[in-house]
Novice: 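So that we are looking at the same thing, I have put the structure below in structure tokens.
The first residue in the sequence is number 1, and the count goes up from there.
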Amino acid sequence: MLTKSLSLRAAVVTILLSLLFTVAPANAFYLPGVAPTDYEENDPVPLLVNRLTPSMDPEDQQLRSVISYDCADACTRFRNFSSTWLFGSRAEIMTMCLVLSYCALGIPNVELWDWKLRNLTGHAWKASHYHPAFHFCRPQNGPEKQAESLGSILFGDRIFNSPFDLRMLKNESCKTLCTQTYEPRAAKFVNRRIRQDYALNWLIDGLPAARVKYDEVTNTKFYSVGFELGTIEADKEPYLSNHYDIVIEYHETRSGKYRVVGVVVQPSSRRTALDNSGLVQNCDVNDKLALNRDTNTQVTFTYSVAWTPSATAWATRWDKYLHVFDPKIHWFSLINSSIIVIFLTGMVAMILMRTLHKDITRYNQLDLNEDVQEDAGWKLVHGDVFRAPKNSLILSVFLGSGAQLFVMTAFTIVFALLGFLSPSSRGSLATVMIVLYTLLGFIGGYVSSRAYKTFGGDKWKANIVATPLLVPGVVFLTFFFLNFFLIASESSGAVPLGTMIALIAIWFVISVPLSAAGSYFGFKMPAIEAPVRTNQIPRQIPEQPVYLRWVPSMLLAGILPFGAIFVELYFIMNSIWFHKVYYMFGFLFLCYVIMVITCATVTTLMVYFLVCSENYHWQWRSFFTAGACSIFVFLHAILFWTSKLSLGGFVSNVLYIGYSLLISFVVFVLTGSIGFGSSYVFVRKIYGSIKID
């Protein structure tokens with residue numbers, strides 16, 4: 001009966017994978033997400049500005065920074081500012097303490113810490129597009145912050161209005177925006193950002209301003225979000241882009257009604273000058289503008305606007321941005337992963353059909369002789385295999401959090417796969433993940449309490465408290481610690497204090513009570529009875545072969561689930577660190593399914609070999625065996641760090657390593673819980689199929 005059931009399951013898995021391969025999309029699918037805006041001729045079309053982000057160097061394909069602004073080399077200058085301590089405000093004194101502590105630690109900093117002092121109090125735009133060092137033109141009444149979602153804020157978006165005046169169907173030619181003066185310190189700051197390939201990010205009717213690029217692999221054109229702050233020419237000098245050619249594509253829906261369906265910006269550097277009437281004299285000049293590092297530099301910002309009709313419908317306007325780089329790699333990864341899954345599933349089926357079937361048949365013979373009873377194998381540990389593991393409280397908490405992560409990840413990917421998480425809703429993916437994880441606290445508490453009660457634990461109060469606090473607490477404290485580095489470096493990715501308080505409030509007001517309710521119902525339920533009795537005296541475990549020891553078994557088993565996801569993981573990391581749009585959730589869904597199956601099968605195999613060698617400590621081993629996938633995730637992050645990133649500052653490196661460790665920890669809890677769950681079902685199944693006197 002056992003072998004037939006498992007054979008049927010293997011067949012169902014194979015059929016499902018085949019169906020998924022036939023329907024997996026090669027292009028992104030999404031719903032519009034927001035209501036369209038219809039404009040009439042000469043209606044104002046708002047242009048919003050977002051944070052500046054580091055981008056890939058086109059020459060060596062390297063990223064120079066992972067934060068909006070590195071720290072400045074200003075420690076020596078600030079050590080002499082004793083007047084700050086005597087006459088400075090509380091905010092200035094706090095900032096001075098932070099600066100001096102960073103100097104004492106030897107952390108390289110960025111220029112313009114004095115701007116930090118001047119703008120710390122009350123200016124929300126100090127870490128955004130309107131950082132004083134950039135001297136970008138501001139609206140007449142000052143920048144106004146736009147409403148953003150929780151996920152958008154956590155991912156570092158800081159959106160403000162702008163002084164650009166765009167009118168539907170009204171072309172503009174070299175319109176003056178403003179004239180700014182760059183002092184030497186600002187020139188050094190901006191030049192450094194140009195050398196680090198920083199990009200500007202604008203939004204027009206919810207669409208990001210982009211550059212048109214060409215993919216030589218697929219021979220297609222696509223829109224790459226953002227455009228460069230400046231350029232480095234053959235003379236190795238940085239030139240600031242102070243003129244913007246804005247091309248806006250529109251689609252006419254009905255007579256006199258138009259919608260924006262595409263935005264392209266071509267920046268250029270021009271040494272323009274104004275006449276006495278304030279008009280630009282030489283807008284088409286080819287002389288590029290370089291900021292002088294020794295004297296003040298006058299810079300005139302100008303822009304041109306061109307409206308072009310397009311056949312693109314409003315519902316599909318994001319297709320140009322959601323480009324798939326080399327889809328053959330995705331298919332190759334899926335084929336490779338599916339082969340691994342079929343191989344592992346076949347091995348498990350073979351073991352269960354051949355080995356276990358023979359063992360169970362022999363053990364269940366009514367005329368058991370003495371030789372069979374003394375036979376070595378997994379039956380000999382039946383009196384110890386369900387013995388409670390050490391540190392069962394921590395294991396049960398991990399299992400509860402893992403179940404919560406598992407359901408949250410599955411729901412999020414399915415929602416994204418069905419197109420509910422539209423790219424026009426900025427930060428919707430992160431927002432949905434946070435909301436789902438918060439609301440799924442009941443599942444975490446229930447699974448944790450059921451597992452702890454099954455293990456025979458009696459510290460039920462500690463379990464109720466630890467389940468919603470241990471794993472989320474580690475994640476939040478790490479995130480909070482890294483946020484200090486972002487605050488010190490004036491990064492737009494620094495989460496505001498109000499948002500941090502809101503996250504804590506959401507957690508304690510919603511998730512903690514739900515987790516406690518789940519724990520209450522879990523402890524009310526009877527403990528899951530083991531199919532065999534547990535002996536009072538533990539059995540001695542013989543010496544284990546090398547491949548079944550902790551480290552070798554983890555390394556051998558952990559690499560297989562990682563092999564199912566490493567290609568998509570590469571594209572996801574590219575999306576995170578290079579600020580690209582990732583929307584291949586069809587491939588991601590398949591990879592997630594394959595990873596779950598791989599974790600379950602490889603852990604089941606390892607546990608079978610473990611109990612065959614008369615080792616009954618399988619609970620933590622199954623968790624760590626599947627969780628070892630996180631080791632390879634972190635090693636992959638280190639390889640990505642050395643091959644794709646060239647981070648010069650201490651803060652950037654700390655942030656990258658910190659976030660990589662955080663992601664690896666979450667993967668550890670998720671995959672470890674999958675491995676334990678499959679192993680628990682397997683162990684109950686085989687020991688429930690034999691007769692014990």
Side-chain angles (χ1 to χ4, degrees), residues 2-26 327-356 402 405-407 409-410 413-414 417 547 553-572 584-609 622-633 636 667-668 670-682 685:
L2 174 63
T3 57
K4 289 182 179 179
S5 175
L6 289 166
S7 300
L8 179 61
R9 292 179 187 176
V12 171
V13 169
T14 304
I15 294 172
L16 286 176
L17 284 174
S18 302
L19 290 174
L20 287 171
F21 277 124
T22 59
V23 301
K328 292 182 180 179
I329 295 180
H330 295 268
W331 288 114
F332 173 79
S333 170
L334 287 176
I335 294 172
N336 176 66
S337 302
S338 62
I339 291 174
I340 294 175
V341 167
I342 294 172
F343 175 74
L344 288 174
T345 306
M347 285 190 64
V348 172
M350 181 180 65
I351 288 174
L352 295 179
M353 284 189 296
R354 298 183 62 180
T355 309
L356 278 178
L405 284 170
F406 175 77
V407 179
T409 306
I413 295 178
V414 169
L417 177 65
Y547 71 93
S553 63
M554 289 173 59
L555 296 178
L556 287 172
I559 196 171
L560 294 175
F562 172 75
I565 62 171
F566 80 97
V567 172
E568 287 306 310
L569 182 63
Y570 172 81
F571 285 102
I572 291 174
M584 293 310 298
F585 292 107
F587 288 111
L588 184 62
F589 173 76
L590 291 176
C591 287
Y592 182 70
V593 172
I594 293 173
M595 184 202 72
V596 171
I597 298 174
T598 308
C599 281
T601 52
V602 72
T603 310
T604 300
L605 277 175
M606 193 59 65
V607 168
Y608 173 74
F609 294 143
S622 64
F623 194 94
F624 274 88
T625 297
C629 175
S630 62
I631 298 176
F632 295 95
V633 170
H636 178 271
V667 171
F668 169 74
L670 171 62
T671 55
S673 300
I674 295 171
F676 177 88
S678 62
S679 300
Y680 184 76
V681 173
F682 171 75
K685 197 75 174 178

Novice: Looking at every heavy atom in both I594 and S338, which two are closest together, and how far apart are they?
Specialist: CD1-N, 4.1 Å
Novice: Show every side-chain hydrogen bond (donor to acceptor under 3.5 Å, both in side chains) that has at least one partner inside residues 553-567, sequence neighbours left out.
Specialist: S553-R621
Novice: Working to the nearest 0.5 Å, report the span between CG of L590 and CD1 of I565.
Specialist: 14.0 Å
Novice: In chain order, what residues pass the side chain to side chain contact (heavy atoms under 4.5 Å, CB included) check against I339, with sequence neighbours excluded?
Specialist: I335
Novice: Hey, does the side chain of T671 reach the backbone of A626 with a donor-acceptor pair shorter than 3.5 angstrom?
Specialist: yes
Novice: Any idea which heavy atoms bring F585 and I413 closest together, and the distance?
Specialist: O-CG2, 4.2 Å
Novice: Quick one: CE on M595 to OG1 on T409, what's the gap to the nearest 0.5 Å?
Specialist: 7.5 Å
Novice: What's the shortest heavy-atom distance between G675 and S679, and which atoms?
Specialist: O-OG, 2.8 Å
Novice: Measure the spacing between CD1 of I674 and CZ of F406 and express it to the nearest 0.5 Å.
Specialist: 5.5 Å
Novice: Tell me, do F562 and L569 make a side-chain contact under 4.5 Å, heavy atoms counted?
Specialist: yes
Novice: When rounded to the nearest 0.5 angstrom, what distance separates SG in C591 from CE in M584?
Specialist: 10.5 Å
Novice: Run through V596, L560, T598 and flag the one making a side-chain contact (heavy atoms from CB on, under 4.5 Å) with V341.
Specialist: T598
Novice: Just jot down the ring pair (Phe, Tyr, Trp, His ring centres under 6.0 Å) partners of Y592, sequence neighbours excluded, or say none.
Specialist: none
Novice: How long is the span from the CZ atom in F566 to the CD1 atom in I559, to the nearest 0.5 Å?
Specialist: 9.5 Å
Novice: Check for me whether the distance between the ring centres of F668 and F623 falls short of 6.0 Å.
Specialist: yes
Novice: Heavy atoms only: give me the nearest F587-E568 pair and the separation to one decimal.
Specialist: CB-OE2, 3.7 Å
Novice: Taking side chain to side chain contact (heavy atoms under 4.5 Å, CB included) as the definition, give me every residue that meets it alongside L405, ordered by chain and number, with sequence neighbours left out.
Specialist: M408, Y437, V666, V669, L670
Novice: Can you name the side chain to side chain contact (heavy atoms under 4.5 Å, CB included) partners of F343, sequence neighbours left out?
Specialist: M347
Novice: Quick one: side chain to side chain contact (heavy atoms under 4.5 Å, CB included) partners of A557, sequence neighbours excluded?
Specialist: V602, M606, T625
Novice: Could you pull out the closest heavy-atom pair between C629 and V667, with the gap in Å?
Specialist: SG-CG1, 4.4 Å
